[in-house]
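Have a look at the structure below, then the notes.
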Protein chains: 2
Amino acid sequence: MSASAGATPDRPATIRDVAALSGVTASTVSRALSTPGRVNFRTQARIEAATAQLNYVPNAQAKALSSGRTKAVAVLVADITNPFYFDIIRGTQLQLKAAGYTQLLVDTEESEEVELNTIEQMRQTADGLILTASRLDDETLARVSAKMPMVTINRDVQGVPSVLLDTPTATNQALDHLISLGHSHIAYLGGPETSRSNSRRWAALSAAAQERGVEVARLGPFAPRTYSGAAAADALVHSGATAGIAFNDLMAIGMLQRLRERGVGVPSDISIVGCDDIFGADFCSPPLTTITAPIEQAGRVAVTMLLSKINPGLGNFPRNQSVLPTHLTIRASTGSAPMPR
Amino acid sequence: MSASAGATPDRPATIRDVAALSGVTASTVSRALSTPGRVNFRTQARIEAATAQLNYVPNAQAKALSSGRTKAVAVLVADITNPFYFDIIRGTQLQLKAAGYTQLLVDTEESEEVELNTIEQMRQTADGLILTASRLDDETLARVSAKMPMVTINRDVQGVPSVLLDTPTATNQALDHLISLGHSHIAYLGGPETSRSNSRRWAALSAAAQERGVEVARLGPFAPRTYSGAAAADALVHSGATAGIAFNDLMAIGMLQRLRERGVGVPSDISIVGCDDIFGADFCSPPLTTITAPIEQAGRVAVTMLLSKINPGLGNFPRNQSVLPTHLTIRASTGSAPMPR
DNA sequence: CACTTTTTGGCAATCGGTTGTCAATAAGTT
DNA sequence: AACTTATTGACAACCGATTGCCAAAAAGTG
């Protein structure tokens with residue numbers, strides 16, 4: 001017996017422990033475990049037995065260091081507080097796990113600087129990046145994308161793979177829905193100025209309104225949170241519109257609460273349309289008419305695209321953009337326009 | 001000019017690039033960057049300049065491998081779909097980030113086996129572990145805890161640091177609340193049999209009921225999801241009770257929906273109490289009387305405890321258990337017991 | 001049976017840091 | 001000036017894997 005370290009109960013087994021136990025060298029163990037067919041099946045069996053016996057788990061750091069791939073993907077969200085991201089996170093988590101990847105979840109606190117720092121950090125730590133609602137400018141995104149695999153969600157930049165939730169189309173449906181209910185004074189309760197999806201939706205909406213000969217006022221900007229729903233509700237009431245299309249469901253739900261407090265009937269006095277169909281949109285009061293987006297699916301698709309970027313040549317042609325359809329879900333927060341008094 | 005590698009635009013700078021640029025060796029750079037005062041301030045300045053110039057970011061894997069600490073903490077949740085965990089995740093994320101740690105989020109899919117595998121995996125990958133609502137038995141938890149820093153949330157095992165949400169106490173408040181409203185037929189809609197918080201709550205509740213001379217029936221088990229609220233609601237109606245205390249808010253919200261469908265008035269016919277006060281409990285219809293738990297705080301406290309375990313001797317005496325108080329929040333889903341017909 | 005081809009497994013360098021040890025230099029003391 | 005003590009920074013081993021290269025062994029061929 002030499003003074004060889006061996007595996008003590010407290011120290012996890014290393015590849016060398018496995019090698020010693022099965023009478024081969026570390027490199028052979030490595031091959032047996034990761035290159036199928038490279039090692040004789042009898043040796044392979046011995047190694048597998050030793051692996052099981054020692055309860056050997058390869059050290060992820062060491063693997064990452066030597067192979068250059070971490071088997072981890074970073075998911076950056078602007079605000080982990082927002083239920084919208086929950087569904088994204090759920091989608092990415094499920095899909096990443098299925099592919100044997102680890103998810104690094106980072107909240108960038110809606111800050112451009114934090115986002116950029118994190119990206120630089122993750123360049124070493126993750127094999128790829130999923131950015132949701134990035135605050136960075138197009139040029140920066142393109143530059144980062146050139147350096148490491150990356151997929152954006154709800155952000156369309158030339159040359160950067162992306163998953164887009166096609167809310168603008170459904171926003172038009174919402175407009176038609178309201179018009180058909182007799183509404184002629186409609187307002188859009190805008191989200192943050194820096195949000196691209198906000199601009200995209202407004203552009204689509206105002207164009208559609210013009211086509212249809214209706215006027216849609218733009219109010220805001222408001223923070224995309226329930227608490228700013230109060231201000232949004234008051235602005236809406238003050239504007240004299242009979243229907244409001246909110247930037248997202250959080251705002252819409254906040255508006256419902258505020259309108260109830262003020263004794264304004266929904267939908268008898270004012271109709272409200274939300275966006276995203278987040279958890280809660282179906283059981284708030286009244287249940288929210290909203291634009292249903294396949295959020296979780298967006299997360300899953302983003303992962304799929306990213307992984308085919310990270311591991312090319314698996315036969316799947318990586319698509320560079322994926323637009324997911326959305327639709328209008330009509331619930332009880334919209335109704336006929338009130339009779340003009 | 002030798003053929004030294006140097007930093008190409010595409011390859012992130014390494015510690016040796018920095019060393020070369022500032023005319024010292026790698027070890028000096030390492031010390032300059034992590035051991036304040038160990039290096040002469042002039043050298044330090046040169047190194048810092050070089051660091052900035054090369055945009056040097058230390059490789060996390062290499063750091064982890066050599067130092068043995070990954071600066072990452074794994075957070076295991078049973079079901080990432082459950083909004084209860086969202087608040088936990090938010091809390092842990094915020095606190096970990098503040099301490100410079102990365103959060104590894106893992107969904108164990110309510111499976112004991114997945115949980116155990118993940119733990120074994122994370123033993124190498126993370127410096128510590130936060131388990132929420134673990135499915136593992138006491139002995140296993142104690143064993144794992146002896147091997148690596150770990151904190152449980154809502155799970156009390158001898159020798160394992162834990163954060164407990166004291167829902168039993170508030171459950172008694174809920175009972176008193178219902179009794180004072182004239183209810184004498186009360187039911188508890190139980191959660192999963194394997195859930196410890198379920199057993200804890202039932203124990204507290206049935207004891208309190210006995211003390212007060214009231215009978216509380218136990219129904220279930222039901223899955224802690226909105227969809228199982230329908231079954232729970234029907235069971236409650238069938239039991240003849242006039243008030244139900246649900247295992248959690250998800251179930252309670254599902255019950256509200258089902259009762260509305262069935263034309264059962266809440267609270268006129270039946271009162272409902274939830275638990276956790278998750279996102280949505282305040283705006284469902286009717287707004288839910290529930291036990292408000294500081295969930296996000298639980299996440300933060302767990303991280304604080306864990307970090308003081310990981311980095312001992314920072315002056316803070318690590319507490320081994322932290323019980324967070326909860327309280328009853330009375331909203332509109334509870335009311336006077338209906339007159340007996 | 002001698003020779004070529006394939007299979008199999010070992011050696012050693014490498015990934016990018018950390019850290020114990022120690023020599024050289026600077027500063028302090030008598 | 002000679003000697004002790006403190007600072008400072010270099011050397012090299014190490015963390016735990018991967019992987020290119022090569023030699024030994026096994027299998028195939030004329």
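Letters go in sequence order (proteins before strands), and every chain restarts at 1.
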Task: Of all pairs that satisfy salt bridge (charged side-chain N to carboxylate O under 4.0 Å, His left out), the ones with a partner from residues 154-165 of chain B, not counting sequence neighbours - done: B/Asp138-B/Arg155

- [ ] Go through DNA chain C in 5' to 3' direction and return only the first and the last nucleotide with some atom under 4.0 Å of chain B's heavy atoms.
- [x] C/dG16 to C/dT21

Open item on the list: Please enumerate all residues that pass ring-ring contact (aromatic ring centres under 6.0 Å, His included) together with B/Tyr85, with sequence neighbours excluded.
Closed with: none

Open item on the list: Tell me every residue that passes side-chain hydrogen bond (donor to acceptor under 3.5 Å, both in side chains) with B/Asp107, counting only those two or more places apart in sequence or in another chain.
Closed with: none

Task: First encountered from the 5' end of DNA chain C, between A/Ser67 and A/Arg38 - done: A/Arg38

Task: Pairs flagged by salt bridge (charged side-chain N to carboxylate O under 4.0 Å, His left out) wherever residues 61-82 of chain B is involved - sequence neighbours left out - done: B/Asp79-B/Arg225

Task: Of all pairs that satisfy salt bridge (charged side-chain N to carboxylate O under 4.0 Å, His left out), the ones with a partner from residues 127-136 of chain A, not counting sequence neighbours - done: A/Glu110-A/Arg135

Task: Interatomic distance, B/Asn59 atom CG to B/Thr14 atom OG1 [nearest 0.5 angstrom] - done: 9.5 Å

- [ ] Give the angle between the helix axes at the two ends of the helix from C/dC1-D/dG30 to C/dT30-D/dA1, taking five base pairs at each end and rounding to 10°.
- [x] 40°

Task: Check: A/Thr125 main-chain N/O paired with A/Thr70 side-chain donor or acceptor under 3.5 Å - done: yes

Task: Non-neighbouring partners of B/Gln44 that pass side-chain contact (heavy atoms from CB on, under 4.5 Å), sequence neighbours left out - done: B/Ala32, B/Val39, B/Glu48

Open item on the list: With rounding to the nearest 0.5 angstrom, report the CD1 to CG distance, B/Ile130 to B/Leu96.
Closed with: 6.0 Å

Task: Earlier contact from the 5' end, DNA chain D, for A/Arg31 and B/Gly37 - done: B/Gly37

Open item on the list: Working to the nearest 0.5 angstrom, can you tell me the gap between B/Arg16 CZ and B/Ser27 OG?
Closed with: 9.5 Å

Task: Close residues, residues 55-63 of chain A, relative to DNA chain D [heavy-atom separation under 4.0 Å] - done: A/Tyr56, A/Pro58, A/Asn59, A/Ala62, A/Lys63

Task: Polar side-chain atom of A/Ser162 near backbone of A/Ile153 as donor-acceptor pair, under 3.5 Å - done: no

- [ ] Mind listing the residues from residues 20-28 of chain A sitting with a heavy atom below 4.0 Å of DNA chain C? Number order is fine.
- [x] A/Gly23, A/Val24, A/Thr25, A/Ser27, A/Thr28

TODO: Identify, between A/Val29 and B/Thr43, the residue whose nearest nucleotide on DNA chain D lies closer to the 5' end.
DONE: B/Thr43

Task: Any donor-acceptor N or O pair under 3.5 Å, side chains A/Ser134, A/Glu115 - done: yes

Open item on the list: Listing request: all salt bridge (charged side-chain N to carboxylate O under 4.0 Å, His left out) pairs with a residue in residues 84-104 of chain A, at least two apart in sequence or in separate chains.
Closed with: A/Asp87-A/Arg90, A/Arg90-A/Glu296, A/Lys97-B/Glu109

TODO: Nearest 0.5 Å please: distance from the CD atom of B/Gln297 over to the OG1 atom of B/Thr304.
DONE: 9.5 Å

- [ ] Answer yes or no: is there a donor N or O on one side and an acceptor on the other, between the side chain of A/Ser66 and the main chain of A/Ala62, under 3.5 Å?
- [x] yes

Task: Interface limits on DNA chain D, where chain A has a heavy atom under 4.0 Å of a nucleotide atom - done: D/dG16 to D/dC21

